[in-house]
Amino acid sequence: MKTKLLFLYAWLMLAVASCSASEPQAEVPAPPPTEKPEEPVEPTGDKKVLIVYFSHTGNTRTIAGYIHDTVKSDLVELQTVNTYTDDYDTLLAQIREEVASDYCPPLTTKIEDLSSYDIIFLGYPIWVETAAPPVRSFLTTHDLTGKTVVPFCTSGTSYAEASYRLIRSLCPQSTVLEGIQIRRGTYDMAYERIIAWLQKIGVVKLNNEGSDEK
Ligand SMILES: Cc1cc2nc3c(=O)[nH]c(=O)nc-3n(C[C@H](O)[C@H](O)[C@H](O)COP(=O)(O)O)c2cc1C
């Protein structure tokens, strides 16, 4: 009797499995690719892309490198005439003053032929709750009228919104797209987020292996 019951149970399981296998499956769109492309890809719409960034301790430079590895672009690091100190307390006191007075530290960086670019990625660390002062210097000495500006930043735990507001106010004739913020402790996911974000804002379209799109 026990053997008969076991046999019946096995037969039922087989029948259920074959039924569900033949049911039509719902179309699930493939998720956007998150793998780094082998080569940087052409930006969509035949645009020319520049990545400009300031970085003091290298975090923002890392993120700028991820963007540069993904989309064909030129890369420029903003350098200040007076190098910022490595002593945190001294630097913090100085930056508090610079931010409070809207100071623009002079830059040594010269950008060749800025007018030829359509999209400008602008990267910086959050310093004292806003974009590091070299960002203000860059935006007040370069005319970005008609260009698309894309902020990206690295930070501790602060929010990036104040820095986005600053950028929008300093280039009112530009289209400022949704930025990305990489917080301390989230670098293991940063590349995947960067790739998803670049596709979301429409700067690149990566080939989606496994999707039906040709
Ligand atoms: C002077 C100073 C001020 C900072 N202020 C903030 C802040 O207000 N909020 C925050 O989240 N992180 C703050 N940070 C942390 C930096 O944003 C973070 O370490 C960033 O990733 C550094 O980027 P970098 O390596 O490209 O210079 C501050 C760091 C420094 C040195």
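All of these numbers come straight from a predicted model, not from anything done at the bench. Order of listing sets the numbers, starting from 1, for every ligand and every atom in it.
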When you look for protein heavy atoms under 4.0 Å from ligand 1, which residues do they belong to? S55, H56, T57, G58, N59, T60, Y88, L91, L92, P125, I126, W127, V128, E129, T154, S155, G156, T157, S158, R184

Would R136 and D102 count as a salt bridge (charged side-chain N to carboxylate O under 4.0 Å, His left out) if you check the C-alpha gap in whole Å, the side-chain angles of each, and the deciding distance to 0.1 Å? CA-CA 8 Å; R136 182 183 280 279; D102 295 343; 3.1 Å; yes

Side-chain heavy atoms under 4.5 angstrom apart, residues restricted to Ile, Leu, Val, Met, Phe, Trp, Tyr: same cluster for L177 and Y117? no

After noting the C-alpha distance and the side-chain angles of K200 and E178, does the key distance pass the salt bridge (charged side-chain N to carboxylate O under 4.0 Å, His left out) rule? CA-CA 9 Å; K200 184 178 172 206; E178 174 191 334; 3.2 Å; yes

For the residue pair Y191 / T70, report whether a side-chain donor-acceptor contact shorter than 3.5 Å exists. yes

Say you draw a straight line from CD of E192 to NZ of K36; how long is it, rounded to the nearest 0.5 Å? 13.5 Å

In this structure, which one of L122, V76, I119 forms a side-chain contact (heavy atoms from CB on, under 4.5 Å) with L50? V76

